Amino acid sequence: MTRIARSTRTAPRARAVEVEARAKLNLGLAIGPRRADGFHDLATVFQSVTLADSLIVRPRRSGFRLAVRRDDASLGGRPPRREAIPAGPSNLVLRAARLLAERLGLEAGADFTLIKRIPSRSGLGGGSADAAAAIAGLNALYGLRRTRVQLLALAAELGSDVPFALLGGTALGLGRGERLTRLTLACPFSALVAVPSWRVSTRSAFDQIDRDKYVLTTWRTKLKFARSIGRDAVDAIRSLRLGNTFEQVLGDRRQDFERLRDRLMRAGAEAVRMTGSGSAVFAIPGPGSPAMEVASRFAGSETLYAVRSARSGVRLRMLP
Ligand code: C5P
């Protein structure tokens with residue numbers, strides 16, 4: 001990609017910007033065949049939820065620095081697994097900041113403080129949310145005045161889920177997940193997210209889909225169904241009927257997933273799905289049964305989070 005334009009204004013517009021970087025659920029996710037570029041075509045209904053990391057962005061003359069802290073937003077029960085979170089150049093916050101600075105000619109830098117609440121490598125899009133927060137935060141702090149289209153193009157270079165993390169709300173994702181159509185949610189909903197202690201490697205899960213060719217036999221039908229979801233306001237429960245191809249390639253973990261789904265159903269869920277390539281699973285409660293009630297009846301050692309559907313992916317607060 002070529003440079004969009006050189007930025008002239010680098011004076012900060014605030015003492016700091018605090019960005020709420022929200023997790024996502026894939027209400028449904030159908031994976032298609034591998035393309036010539038190595039990615040897979042997919043069709044998904046993305047939904048932002050209230051579980052969020054916080055990214056504080058403070059102006060700095062030049063260069064980018066990152067400090068990471070953890071915060072536990074779970075409902076109790078088993079505390080979140082203490083995953084190593086890289087604070088070095090591989091962290092998506094720093095990768096996003098460096099890419100933005102290079103593309104937009106931003107000479108100033110920033111000190112980032114990332115407060116991590118979204119469990120890593122669980123299909124909840126935490127890393128993508130952090131990258132989107134860095135883009136939105138720098139754009140606001142330095143008044144870069146880029147259009148949404150320009151920022152979304154930048155986001156797509158960082159990962160397939162980063163454009164949605166920036167756009168937020170409810171959206172149909174096609175292509176490798178970066179071709180987005182904003183949708184309207186018929187009714188806000190709450191959900192209970194359960195995160196097992198085991199994890200799934202996204203790359204291996206995609207490889208497994210290539211090997212188990214039978215899982216792709218329904219791709220065309222699923223694509224058609226996904227496109228039909230957005231014709232009217234989105235019904236969350238109906239979107240779950242799209243399924244999630246990753247649930248079919250869990251191998252040895254398939255039983256663990258099925259048992260978790262059954263326990264959530266017994267606790268009062270109306271529908272249960274895996275999000276992304278897992279291993280997090282979410283449950284939408286039956287009518288008149290709030291997520292907290294499902295949590296109180298749930299028998300298991302998974303880490304639980306109560307979330308609500310959200311209308312945006314990032315939320316900015318300027319600290320004057
Ligand atoms: O785009 P992102 O960095 O999230 O992708 C991580 C990996 O997941 C890719 O390198 C690719 O192997 C796989 N992937 C894929 N098809 C997609 C999205 C991701 O094969 N639509």
Side-chain angles (χ1 to χ4, degrees), residues 24-48 121-125 128 152 155-165 167 169-186 191 199-258 260-261 270-284:
K24 58 87 180 161
L25 298 177
N26 297 92
L27 297 182
L29 173 58
I31 307 292
R34 191 183 279 270
R35 317 187 304 201
D37 65 1
F39 286 93
H40 291 73
D41 270 325
L42 56 79
T44 185
V45 181
F46 283 117
Q47 175 63 57
S48 302
R121 303 197 303 121
S122 58
L124 290 162
S128 301
L152 287 173
E157 285 193 62
L158 291 156
S160 307
D161 288 348
V162 185
F164 174 72
L167 185 74
T170 312
L172 173 68
L174 297 175
R176 63 180 169 98
E178 89 292 12
R179 272 175 43 211
L180 298 169
T181 310
R182 207 191 263 281
L183 304 177
T184 308
L185 193 60
R199 292 287 189 272
V200 173
S201 149
T202 303
R203 206 164 286 206
S204 316
F206 273 114
D207 291 346
Q208 192 55 40
I209 287 174
D210 295 340
R211 280 195 288 273
D212 289 4
K213 288 240 178 319
Y214 69 90
V215 301
L216 297 180
T217 52
T218 53
W219 162 243
R220 296 247 152 248
T221 320
K222 298 243 176 204
L223 180 61
K224 214 164 138 195
F225 177 62
R227 287 206 170 108
S228 78
I229 288 174
R231 279 194 207 124
D232 303 307
V234 173
D235 173 354
I237 296 276
R238 180 166 179 262
S239 305
L240 265 63
R241 287 196 216 130
L242 180 58
N244 181 338
T245 312
F246 287 115
E247 290 175 9
Q248 297 171 54
V249 293
L250 284 168
D252 291 349
R253 290 297 183 188
R254 174 76 195 182
Q255 270 203 344
D256 295 318
F257 161 71
E258 282 174 356
L260 172 55
R261 185 186 57 200
E270 181 173 347
V272 175
R273 274 263 162 272
M274 182 167 270
T275 175
S277 58
S279 59
V281 165
F282 63 97
I284 301 189

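Please read these numbers as outputs of a predicted model, since none were measured by experiment. Quick note: numbers below take in every heavy atom, side chains included, and nothing from hydrogens, waters or symmetry partners.
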Validation row: [X], [Y] side chains within 4.5 angstrom (heavy atoms):
X	Y	value
F257	S279	no
E247	E258	no
L27	L242	no
V281	R261	no
D212	Q248	no
R241	I229	no
V249	D207	no
K222	T245	no

Return yes when atom [atom1] of [X] has more than 12 non-hydrogen atoms of other residues, nucleotides or ligands closer than 6.0 Å, and no otherwise.
X	atom1	result
D252	CG	no
R220	CZ	no
R211	CZ	yes

Report the residues that fulfil side-chain contact (heavy atoms from CB on, under 4.5 Å) with [X], sequence neighbours left out, ordered by chain and then residue number.
X	value
S228	F225, R231, R238
D256	W198, R253, R259
L42	L29, I31, T44

Next on the checklist: Check whether N244 reaches the backbone of G276 with its side chain - one donor and one acceptor, N or O, closer than 3.5 Å.
Outcome noted: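 Between the backbone of G276 and the side chain of N244 there is a qualifying donor-acceptor contact (under 3.5 Å).
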Checklist entry - Do side-chain atoms of R273 reach the backbone of L240 as a donor and acceptor pair under 3.5 angstrom? => result yes
Can you tell me how far the [atom1] atom of [X] sits from the [atom2] atom of [Y], to the nearest 0.5 Å?
X	Y	atom1	atom2	answer
R227	T181	CZ	OG1	9.0 Å
N26	S239	CG	OG	11.5 Å
R34	L216	CZ	CG	11.0 Å
R179	L172	CZ	CG	9.0 Å
L152	L167	CG	CG	6.0 Å

Looking only at non-hydrogen atoms, find the nearest pair between [X] and [Y] and report the distance.
X	Y	result
G32	W219	CA-CD2, 3.4 Å
P163	E178	CG-CB, 3.9 Å
A156	R176	O-NH2, 2.8 Å
S128	D161	OG-CB, 3.5 Å
L25	T275	CA-OG1, 3.5 Å
G173	F46	CA-CE1, 4.0 Å

Next on the checklist: Under a plain distance cut-off of 3.5 Å, with no hydrogens placed, do T170 and Q47 share a side-chain donor-acceptor pair?
Outcome noted: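 Yes, because at least one side-chain N or O of Q47 sits under 3.5 Å from a partner of the opposite role on T170.
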Next on the checklist: Students often mix this up, so state it plainly: with edges at 30° and 60°, are the rings of F206 and F246 parallel, tilted or perpendicular?
Outcome noted: perpendicular
